[in-house]
Amino acid sequence: MEKAYNHKETEDKWYSFWEKNKFFTPNLNSKKPPFSMVIPPPNVTGSLHMGHALNNTIQDIVARYKRMKGFEVLWLPGTDHAGIATQNVVERELAKEGLTREELGREKFIERVWKWKEEYGNRIIYQLKKLGSSCDWTRERFTMDGGLSLAVKEAFIRLWNDGLIYRGDYIINWCPRCKTALADIEVESSQENGKLYYIRYPIEGEKEYLTVATTRPETMLGDTAIAVNPGDERYLKYHEKYAILPLVGRRIPVITHPYVEEEFGTGVLKITPAHDFNDFEIAKSCNLPAIKVIDEEGKMTREAGEFEGLDRFSAREKIIEALREKGLFERTENYEILLGRCYRCKTVVEPLLSKQWFVKTKPLAEEALKAVQEGKTVFIPEMWTGGYYHWLNNMRDWCISRQIWWGHRIPAYYCSDCGNIMVRKTTPKKCNNCKSERIKQDEDVLDTWFSSALWPFSTLGWPKKTKDLKIFYPTSLLVTGFDIITFWVARMMMMGLYIMKEVPFRKVYIHALVRDATGQKMSKTKGNVIDPLDMVEKYGTDALRFTLTAMTAQGRDTKLSEERIEGYKHFINKIWNASRFIFTAGKPSEDGFQPLTIEDKWILTKLNETIEKTERALEKYEFNIYAQEIYNFLWKEFCDWYIEIAKYHIYKGDEEKCKNTSNILLYVLEKFLRLSHPVIPFITEEIWNRIPENFKSNRKSIMIADFPQKDEYEFKTEAEVFEKIKKIVTTIRNIKSDYNIGEEREIFCKIWASENIGKEINKVLYIISHLTGANAEVICEKPTKDILNTVIREVDDMAVGINIEGLIINRENEIKKAQEALKKAEEELSFLMKKLSNENFISKAPEEVIRKTEMEAGLLSERIKVLQEKIKILSEMKG
RNA sequence: GGGCGGAUAGCUCAGCGGGAGAGCACCUGUCUUACACGCAGGGGGUCAGGCGUUCAAAUCGCCUUCCGCCCACCA
């Protein structure tokens, strides 16, 4: 074995070994209970980032763990066609050739996107494999593949037939750059500096005017009313009157509406039904017309008169200028406005009246809410449930039509003669109303999230009644980030319940965001991105996976830095070297391991405890605790103590014990490897394959071995005694360090302990000698004599003494140290005594706590006596 | 404006009722026959502030301050 672990030589080798052996593919005829997950499909345009790395590491840990626990596991992978994102990428590519998609035409453009997908779309799949993801690649899906397209049509038709999809003229969010409608959640709102403009609207037939405050003066050209609060006394006399819209000259009514706030601005609100959500609602209830003054490109329309063709922002300037000239502009005021931007391209979104398709969400949302309230689906951590409820309770209807080309085309057909709408899987030959043959399909495509919402069952074969669907739906677990709870999780819940009559997943584990070391979001523009594939290259997949796992506490964002990954690479290397020692120095035999010494019993007990804690952590999705347990056991217990003691038996002990120890080393290592395989699959497989056959259960891969179980034996008492021995060793090392005692000096160590414990320690004095270089003996009585020439330290209810005669020591210093220790001990004792003399404490605290406190107090007064004695002797010596 | 999270060692975080822990960083010693990606030792904290509940509070409740996030139709 090489001196250091080389991840480059092992990782790809094992991944293809697993794949070739079909370990990722479940057996449908198995009697094992099923466990299923669908991957959150990354965008085909995507490249693996740390968020993906965390997301897939967690899923892979669960998948591997469940497989080893005896489940028939399906982890179904795939990618998302990502409508706008992908279209943007290909359009950019076209732009380099000096082309636009319009010039190319719809069909050619879509061909081009498919070509792009074939060429580059597999990049992210390759990257997921580099991460070790144990997905069943034989079932890989794409949201635009044949089966999923069929599922989309089928779902659309069902919703339409049930009256849950409708088409109509409504105000929607429009991105003038992407030239498409957006759903409410596709708009990112941000507080930005803006202005409030005060504009005068003359009253018809009077010399007076009403002043309106607006943040968007360019929309005034589309005003069809101005409104005041009905109770606003300042404006009572204007009720029922008309105003003349400046610059346009249109006669518009002054209406009253309770929505208008008296305190805001002037208390007069302009109503622009075609470009504002609230105005649209008010206009609907008051039967006001809507006039569109901004078009789909963000330019002023013909209705804008002299401003026609201007961009909406330059129109704003021009309009203010024109008003100023007419004396109708009052003033501006700095004002923080809420601005909506497109989540894809960050362009300021324009609320626009337009004809779109909508899903009626209320009945669907009610079911989705109920299912979580009834515990049919559980969020982990639970805190995310609140956000889910809030969103479902407040959502407007979902605008699902997009005016782009890449996506699922809406399966609706229009008769060009009578306007009849037909919703079908295929193009109808003639109109079912007027028999006309002039049939046209709707130009729009569906929101990408519409197909994503069907993902948990469409990928399993729906609408066909497949065996996959029967076995694996509902899926067991969904692992995803909090940022798409609304985009995706809630919509899968709605669609799953509507179509399958059953929740899409039993549990949803929501993980945090991976940030950089200073807590900033990673982004290309900030230049603080840590590329997971760079990290894999430099430190290995296992190191990256372990780091992400160790740092992912529930409900908290993860701050990641390269140094962390490097640090955990050291841990991976530690496993390698411990194994190397075990394989090269040990002399295992076929005889098992009896009899056991105290350190054997201790490490086996520790192993048992670790298995128990590890399994509990995994069942509760506490991945950081899982990682921490593995780390501590291997390094802090197994390597630091057991292997160090094992060296005694291997290099200095008798042959029998050497064999015995070698066997235990292998036994513990083998179990440890299985325990940690879910998080660090590559190194565990590599080492496991080097373990002698009789220590493994006849499997050809650790991947398909069983997750370790606790052994039946219990050595609790021995393990406790061993912990005392550890403390004695540490104390001797402390003294050596404090008094600068080097290896050349012969050390005599006395250990004072009770008879019971002393007997046990006596049997294994070689441990103490081996680990400290001291000649040790056990004395079963209280330490009173020899204080002068001996440093004495208390260890629990024991004491350790080391000879220091002949060593040059600073008496002043010794006295000072002793006095400080005495002071501290006295303070602590007085605190404990106060507690013990408190009647309430004695009567109300549990027995156990009282006993513990009494014991500590006893120990402390012993310690105080010794310290006092020590100070006395040292002071007398001075003269 | 509404909601959610966080504030504990220099940094990142565990602990969530019985007188504070880890990893990293730092300091000291050490290339000892698995590993210097190592070994041994060490320093370092009024657990954000205040009030309350309790025999007992980092831990439970309330308030304040500061950070982060989500949602939102006062133009």
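Naming convention: chains lettered A, B, ... in sequence-line order (proteins, then strands); numbering from 1 in each chain.
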Partner lookup for [N], please. Criteria are Watson-Crick or G-U wobble with both distances under 3.5 angstrom; report none if nothing qualifies.
N: B:rC69; result: B:rG3
N: B:rC13; result: B:rG21
N: B:rA36; result: none
N: B:rU46; result: none
N: B:rU54; result: none

[M] and [N], which share atom name [atom1], separated by this distance in whole Å:
N: B:rG23; M: B:rU59; atom1: C1'; result: 22 Å
N: B:rG5; M: B:rC13; atom1: C1'; result: 15 Å
N: B:rA9; M: B:rC47; atom1: P; result: 10 Å
N: B:rA56; M: B:rG38; atom1: C1'; result: 44 Å
N: B:rC26; M: B:rG10; atom1: C1'; result: 8 Å
N: B:rA48; M: B:rA58; atom1: P; result: 10 Å
N: B:rA14; M: B:rC62; atom1: C1'; result: 27 Å
N: B:rG29; M: B:rA20; atom1: P; result: 32 Å

Mind listing the N/O atom pairs, protein and nucleotides 73-75 of chain B, below 3.5 Å?
residue	atom	partner	partner atom	Å
B:rC73	O2'	A:Tyr259	OH	3.0
B:rC73	O2'	A:Asn278	ND2	2.5
B:rC73	N1	A:Asn278	OD1	3.1
B:rC73	O2	A:Asn278	OD1	2.6
B:rA75	OP2	A:Tyr335	OH	2.4
B:rA75	O3'	A:Thr215	OG1	3.3
B:rA75	N6	A:Glu261	O	2.8
B:rA75	N6	A:Phe264	O	3.3
B:rA75	N1	A:Glu261	N	3.2

Between the base of [N] and the side chain of [X], is there any donor-acceptor pair under 3.5 Å?
X: A:Glu743; N: B:rA40; answer: no
X: A:Lys647; N: B:rA34; answer: yes
X: A:Lys574; N: B:rC37; answer: no

Which nucleotide in the set [options] lies at the smallest distance from any side-chain heavy atom of [X]?
X: A:Met383; options: B:rC37, B:rC4, B:rC35; value: B:rC4
X: A:His570; options: B:rA34, B:rG18, B:rG38; value: B:rG38
X: A:Gln628; options: B:rA14, B:rC24, B:rG18; value: B:rA14

Plane angle bin for [Y] and [X] - parallel if under 30°, tilted between 30 and 60°, otherwise perpendicular:
X: A:Tyr259; Y: A:His257; result: perpendicular
X: A:Phe482; Y: A:Trp384; result: parallel
X: A:Phe379; Y: A:Tyr388; result: tilted

Rounded interatomic separation in angstrom, taking [atom1] from [X] and [atom2] from [N]:
X: A:His770; N: B:rC39; atom1: NE2; atom2: P; answer: 14 Å
X: A:Gln191; N: B:rC71; atom1: CD; atom2: P; answer: 13 Å
X: A:Ile643; N: B:rA40; atom1: CD1; atom2: C1'; answer: 17 Å
X: A:Lys844; N: B:rU53; atom1: NZ; atom2: C1'; answer: 12 Å
X: A:Ile572; N: B:rC35; atom1: CD1; atom2: P; answer: 19 Å
X: A:Ile485; N: B:rC71; atom1: CD1; atom2: C1'; answer: 12 Å
X: A:Lys569; N: B:rC24; atom1: NZ; atom2: C1'; answer: 16 Å
X: A:Lys636; N: B:rG21; atom1: NZ; atom2: C1'; answer: 14 Å

Does any residue of residues 728-739 of chain A have a heavy atom under 4.0 Å from RNA chain B, and if so, which ones, in number order?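 Correct list: A:Thr730, A:Arg733, A:Asn734, A:Ser737.
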Can we say [X] and [Y] salt-bridge, meaning some charged N sits less than 4.0 Å from an Asp/Glu carboxylate O?
X: A:Lys606; Y: A:Glu609; result: yes
X: A:Lys817; Y: A:Glu820; result: no
X: A:Glu192; Y: A:Arg341; result: yes

Phosphate OP1/OP2 of [N]: any [X] side-chain N/O under 4.0 Å:
X: A:His390; N: B:rC4; answer: no
X: A:Lys3; N: B:rA36; answer: yes
X: A:Trp635; N: B:rC39; answer: yes
X: A:Tyr648; N: B:rU33; answer: no

Within the distance-only criterion (no hydrogens, no angle test), does the side chain of A:Lys569 pair as donor or acceptor with the backbone N or O of A:Gly540 below 3.5 angstrom?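 Such a contact is absent between A:Lys569 side chain and A:Gly540 backbone.
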Quick one: side chain to side chain contact (heavy atoms under 4.5 Å, CB included) partners of A:Tyr651, sequence neighbours excluded?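 With neighbours one apart ignored, the set is A:Phe581, A:Ala585, A:Lys647.
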With sequence neighbours excluded, what pairs up with A:Ile687 under the side chain to side chain contact (heavy atoms under 4.5 Å, CB included) test?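 If we apply the side chain to side chain contact (heavy atoms under 4.5 Å, CB included) test to A:Ile687, skipping adjacent residues, the hits are A:Ile575, A:Trp576, A:Ser579, A:Phe583, A:Leu669, A:Leu673, A:Ile683.
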How is A:Asp640 classified with respect to the nucleic acid when contacts are heavy atoms under 4.0 Å: base, sugar-phosphate, or nothing?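 Sugar-phosphate only.
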Any base atoms under 4.0 Å from A:Glu281, or only sugar-phosphate, or nothing? Heavy atoms, all strands.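 A:Glu281: no heavy atom of the nucleic acid under 4.0 Å.
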Taking every non-hydrogen atom, the tightest pair across A:Asp397 and A:Thr361: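 What the structure gives for the nearest pair is OD1-N, 3.1 Å.
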Quick one: do the A:Asp184 and A:Asn173 side chains pair a donor with an acceptor below 3.5 Å?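 Side-chain D/A pair, A:Asp184 to A:Asn173: present.
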In chain order, what residues pass the ring pair (Phe, Tyr, Trp, His ring centres under 6.0 Å) check against A:Tyr343, with sequence neighbours excluded?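 Here the qualifying residues are A:Phe487.
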Let's go through A:Thr211 and A:Glu330 carefully: what are the C-alpha distance in whole Å and the side-chain angles of both, what is the deciding distance for side-chain hydrogen bond (donor to acceptor under 3.5 Å, both in side chains) to 0.1 Å, and is it a yes or a no? CA-CA 8 Å; A:Thr211 302; A:Glu330 208 158 89; 3.1 Å; yes
Which of these passes side-chain contact (heavy atoms from CB on, under 4.5 Å) with A:Thr219: A:Thr272, A:Asp276, A:Asp279?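 Going through the options one by one, the only one that passes is A:Thr272.
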If you restrict it to nitrogen or oxygen atoms, what contacts under 3.5 Å exist between nucleotides 8-13 of chain B and the protein, and what is each distance?
residue	atom	partner	partner atom	Å
B:rC13	OP2	A:Lys559	NZ	3.1

Sole candidate of A:Tyr539, A:Phe571, A:Phe623 that passes ring pair (Phe, Tyr, Trp, His ring centres under 6.0 Å) when paired with A:Phe546: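 When A:Tyr539, A:Phe571, A:Phe623 are each tested with A:Phe546, the ring pair (Phe, Tyr, Trp, His ring centres under 6.0 Å) holds only for A:Phe571.
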Taking for each residue the nucleotide of RNA chain B bearing the nearest heavy atom, is the 5' side occupied by A:Glu856 or by A:Ile625?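 Taking each residue's closest nucleotide, the earlier one in sequence belongs to A:Ile625.
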